Chemist: 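Before I ask anything, let me first share the structure, which is written out below as structure tokens.
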Amino acid sequence: MIRNPSLRDLPLGIQQKYIIVTSNYVARQHGVTKLMSVSDAKEKCPQLVLVNGEDLTCYREMSYKVTDLLMSHCPLVERLGFDENFVDVTELVESRLKETPLSALSFVGHIYNQETSAVSAKDYPRLAIGSHIAAELRDAVHTKLGLTGCAGIASNKLLAKLVSGAFKPNQQTTLLPECTVTLMHSLSGLRRVPGVGPRTAQRLQALGLHSVSDLQLFPLVDLVKEFGEAHAKRIQNLARGIDVSMVTPTGPPQSLSDEDSFKKMSTMAEVSQKIEELLASLIDRMHKDGRQPMTFRLTIRRLSTANKWFNRESRQCPIPSFLSQKIALGSSDVLTHLVTVAVKLFHKLVDTSEAFHLTLINVCFCNLQSRSVSRGSIASFFSHKPPQKPQSSSRHTGPPSPRQPISPTPTQSHGRRGGSDYSVEERTGASRSPKTSGLEEGAFPRLPPDVDPDVFKVLPQHIQEELLSNFQTERSGIPSVLTTDLEDQTGFSHIFPEPLKRASQSVRSEERGAVCREYDAGSSREDGNEFSVPQDPVGMRVEHDNSSKSVTSNSVSGADFPHNVDPCVFSQLPADMQRELLSEWRQQKPIFKMPSRPSGTGGASRDKKTKGPQTNNLLKYFKPS
DNA sequence: CTGGGGTCCT
DNA sequence: AGGACCC
């Protein structure tokens, strides 16, 4: 719709192969739904205009523009697909709170299950500020990129995401902590809980669990038997509206892939041609990215009568270094070489002396390394000068980014947070191990100054809980998470919106919040929208209509509650209190992903896996083996 | 007649 | 290498 505004008022569907992957609101009014077959859609809406959406390039570019724009307001942005972003606006909220008199606070947008005019912003200062931040982000996305979308503001990513859809096209909603229970109960089934996919839902159903309350009340012990401790606790917490994962800045992509599906492919000639076609575009994208892929993977799907659904098989191999350099440089003869590599992998997958019937081929570059600086000398780790090229381009604005040559990219500097590895090092180095048992140490965060934590922790659990809950009422401040979801006007929203999507924010500091939004496409004036901000906990999630981004935080590995904390009690605590508690007993510090080990100049990137104290420090570069 | 992407965990 | 999840 953005590319062709004349389509704005017509029913529009985005088509991939035989299905309508998404549509605009006009088409939806005619009964066109999300993953509907083209034939069904045409039946419901004969005038439906179709646009082929198999090439994701423009959606990907828009998507990164949204993420970049959000990052320019608040660095902690996590993408979720192309059209959603979570933004942890905790710090922004805290700093605004300091300079804002309570009397000047207000909410903008909807408040879940409440009348906005009936809620006192002074009672939820952080969420109120979060609602304004969400509104600003949505407005920035609309005026600068022409996309509309929704936002949700809440104390964690789960809640921000769920509440973002409360008021649908182009509006925003804030979740007050006391409405969490209502929100969760409003979900029609367990499958509606983000994080509970088809497989998990099926296994839960086998246990007799269908609704959110079924899962909330199911004995954890029994759940652990089916799913293991980590998964069991996680999904049960999700059912209660508890999400301990952090908004993890996404950074540049970890992999780039291109694929095509078809009804039948059964000759080598077709296969090598398809591989060449896919590789040509993938190499081009990789070149624009500027990093060097160290690994290549080929994936196929065979026609399978049985087990129709998701049988994919893959083989991967290292990319010869001369080739990966040529890819980054944009050499022209790279294609042929890579096709050769891919065909070799293909023969590991398929015995071509027998008949075969493929329905999909995918080519993927992963293990992406920033090329960098001084030949990746380990010495660069000790240099006081920042590496020349921190992680590739600033934001890998996906394909769009102008690919930075070797020089530090001057413009778009807001790139990788942490930029250099120094900051990563500092942060991770400081983190202590998650502590599996939990509570002993200072697990209880923020006790009032006059309470000695050593004394507190030896109190009976119910006394602790009572103290904590009293406590909670005293301190009103809390982190908030906001999520926004923008639906696109062009009709693309979900899968890939044409336009983009959202923005979000969350709060950091002791408390954190996340915001998520989704944007729709469309620059048009369509519906009005709103944003809402969460109160204490602040978080937002934003989605754009077509492309979207989301910010999320990584769930920390050791994210269990201390064993003496009852999750049911915990879930009743104010969101900000929950966040504080959680952030203390897993000492979270947001960290970027580490590009790949090597040249290290890259900066901070994901590195999630560093769990313990040690993992991500320089020592790993010296490990003996 | 269910895309074309992505992520992380095991 | 596969499986789960997300959009």
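Scope of the values below: all heavy atoms of this structure, side chains included, with no hydrogens, waters or symmetry mates. Below, chains carry the letters A, B, ... as their sequence lines are ordered, and counting in each starts from 1. Since the model is a prediction, treat every value here as computed from it, not as a measurement.
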Chemist: Taking the side chain as every heavy atom from C-beta outward, state whether A:Leu190 and A:Gln205 have any atom pair closer than 4.5 Å.
Modeler: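 They are not in side-chain contact.
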Chemist: Look at all strands and tell whether A:Asn362 reaches a base, only sugar-phosphate, or nothing, counting heavy atoms closer than 4.0 Å.
Modeler: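 It contacts nothing in the nucleic acid.
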Chemist: Does A:Thr200 put a side-chain nitrogen or oxygen below 4.0 Å from OP1 or OP2 of C:dC5?
Modeler: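 Yes, A:Thr200 has a side-chain N/O under 4.0 Å of OP1/OP2 on C:dC5.
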Chemist: Write down the distance between CG (A:Leu256) and P (B:dT7), rounded to a whole number of angstrom.
Modeler: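 One finds 9 Å between P of B:dT7 and CG of A:Leu256, rounded.
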Chemist: Rounded to the nearest Å, what distance is computed from the CZ atom of residue A:Arg60 to the P atom of nucleotide B:dG4?
Modeler: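 Going from CZ in A:Arg60 over to P in B:dG4 covers 12 Å.
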Chemist: Does B:dT2 have OP1 or OP2 sitting under 4.0 Å from an N or O in the side chain of A:Arg312?
Modeler: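 False: A:Arg312 side-chain N/O out of range (4.0 Å or more) of B:dT2 OP1/OP2.
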Chemist: How long is the line joining CD of A:Gln15 and C1' of B:dG4, in whole Å?
Modeler: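 Taking atom C1' of B:dG4 as the reference, CD of A:Gln15 is at 14 Å.
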Chemist: Less than 4.0 angstrom between a side-chain N/O of A:Arg199 and OP1 or OP2 of C:dC6, yes or no?
Modeler: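 False: A:Arg199 side-chain N/O out of range (4.0 Å or more) of C:dC6 OP1/OP2.
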Chemist: Roughly, in whole Å, what's the span from CZ in A:Arg297 to C1' in C:dG2?
Modeler: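 From A:Arg297 CZ to C:dG2 C1': 10 Å.
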Chemist: With a non-hydrogen cut-off below 4.0 angstrom, is A:Val196 in contact with a base, only sugar-phosphate, or nothing?
Modeler: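 Sugar-phosphate: the residue A:Val196, judged by heavy atoms under 4.0 Å, touches backbone atoms but no base.
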Chemist: Assuming nearest nucleotide by heavy-atom distance, tell me which of A:Ser37 and A:Ser257 is located more 5' along DNA chain B.
Modeler: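 Result of the comparison: A:Ser37.
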Chemist: Below 4.0 angstrom, N of the basic side chain to O of the carboxylate: do A:Asp258 and A:Lys274 qualify?
Modeler: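 Salt bridge flag = no for A:Lys274 with A:Asp258.
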Chemist: On DNA chain B, check which nucleotide each of A:Lys263 and A:Glu259 is closest to and give me the residue with the more 5' one.
Modeler: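 So the residue in question is A:Lys263.
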Chemist: Please list, chain by chain and in numerical order, all residues satisfying salt bridge (charged side-chain N to carboxylate O under 4.0 Å, His left out) with A:Lys225, sequence neighbours excluded.
Modeler: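 For A:Lys225, the residues satisfying salt bridge (charged side-chain N to carboxylate O under 4.0 Å, His left out) (neighbours in sequence not counted) are A:Asp222.
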Chemist: If you check the A:Asp260 side chain, which of B:dG3, B:dG4, B:dC1 turns out closest?
Modeler: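 Selected nucleotide (nearest to the side chain): B:dG4.
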Chemist: Taking CZ from A:Arg301 and C1' from B:dG5, how many angstroms apart are they, rounded to a whole number?
Modeler: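 Rounded to the whole Å, the gap is 13 Å.
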